[in-house]
Amino acid sequence: MRYLVDDIAATDLAALRKREMTPAVVVLLYVLSVAPGRTDAGERLLPLVDDISAMFAAPNGHRDLRAVVEYIMTVSETNPSSLNPLLDRLEPQVREAVVTTAEMLEVRGAAKTLLRQLDRKFGTPSEATIARVRAADMGDLERWADQILTAETVEEALA
């Protein structure tokens, strides 16, 4: 594993591709080296377009791609729109999988924030409230986030 870490530190994609690794491993190792703390992850990942497509086409590729996108969105400062340079070069089905995962993560984050706000303003939310917030779409979450500012009850906040 040590020789892989040396290649990662140099972010030498050509060296990673020379190793006998699946596209998923190449993508993951490269992402591990370039994503943390970055705001330009979409641009930094442009050299991986072919690797990402190959990863997606492999068995369990959708799951692997989702894991990579979740990692990028978790450890980087990248907002979903900054992935556009990468998305523009991906095949439609791969692009859709990336966008769907990024949107899901955005909704999950908004739900987590709203639940924290509900807890701070009204006390621990009920299981029903938690389930309702986690099942909500982004439109409802944004509306509720605005309503919580003036609401006097949980019911008013989530009306």
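No hydrogens, no waters, no symmetry mates; every other heavy atom, side chains included, goes into these values.
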Legend entry - Nearest heavy atoms of Pro85 and Leu46, plus distance in Å: O-CD2, 3.3 Å

Legend entry - Backbone of Tyr30 reached by a side-chain donor or acceptor of Ser33 within 3.5 Å: yes

Inset, instruction - Compare every heavy atom of Asp64 with every heavy atom of Pro59, then report the nearest pair and how far apart it is. - result: O-OD2, 4.3 Å

Inset, instruction - Determine whether Val26 and Leu13 make a side-chain contact, defined as any pair of heavy atoms from C-beta on separated by less than 4.5 Å. - result: yes

Legend entry - Asp137 side chain to Asp140 backbone, donor-acceptor under 3.5 Å: yes

Legend entry - Close side-chain approach of Val27 and Thr22, heavy atoms under 4.5 Å: no

Inset, instruction - Find the distance between CG (Leu28) and OH (Tyr71) and round it off to the nearest 0.5 Å. - result: 8.0 Å

Legend entry - Test side chain to side chain contact (heavy atoms under 4.5 Å, CB included) applied to Met55 and Leu65, Asp50, Asn60, Val94, the passing residue: Leu65

Legend entry - Sole candidate of Leu45, Ile72, Val98 that passes side chain to side chain contact (heavy atoms under 4.5 Å, CB included) when paired with Leu86: Leu45

Legend entry - Neighbour count above 12 (heavy atom, 6.0 Å) for Glu70 CD: yes

Legend entry - Close side-chain approach of Trp144 and Val133, heavy atoms under 4.5 Å: yes

Legend entry - From CG (Asp119) to CG (Leu114), nearest 0.5 Å: 11.0 Å

Legend entry - Distance-minimising heavy-atom pair for Glu156 and Thr150: OE1-O, 4.4 Å

Legend entry - Euclidean distance, Gln117 CD relative to Phe122 CZ, rounded to 0.5 Å: 10.0 Å

Inset, instruction - Report yes or no: does Arg116 contribute a side-chain atom to a donor-acceptor pair with the main-chain N or O of Ala111 at less than 3.5 Å? - result: no

Legend entry - Donor-acceptor pair, side chain of Glu96 and main chain of Pro92, under 3.5 angstrom: no

Legend entry - Ion pair Arg17/Asp51, N-O distance below 4.0 Å: yes

Legend entry - Sidechain-backbone polar pair: Thr129 side chain, Pro125 backbone, donor-acceptor under 3.5 Å: no

Legend entry - CD on Glu77 to OG on Ser82, rounded to 0.5 Å: 10.5 Å

Legend entry - Exam field: side chain Gln147 to backbone Ala159, donor-acceptor pair closer than 3.5 Å: yes

Legend entry - Lys121 side chain to Thr153 backbone, donor-acceptor under 3.5 Å: no

Inset, instruction - May I ask you to test the Glu106-Met138 pair for a side-chain heavy-atom distance under 4.5 Å? - result: yes

Inset, instruction - Specify the closest pair of heavy atoms between Ser76 and Ala41, including all atoms of both residues, with the distance to one decimal. - result: OG-CB, 4.4 Å

Inset, instruction - Decide if atom CZ of Arg134 counts as having more than 12 heavy atoms of other residues, nucleotides or ligands within a radius under 6.0 Å. - result: no

Legend entry - salt_bridge(Glu91, Arg95) N-O dist < 4.0 Å: no

Legend entry - Straight-line distance of Met104 CE to Met73 CE, nearest 0.5 Å: 10.0 Å

Legend entry - Validation row: Thr113, Leu141 side chains within 4.5 angstrom (heavy atoms): no

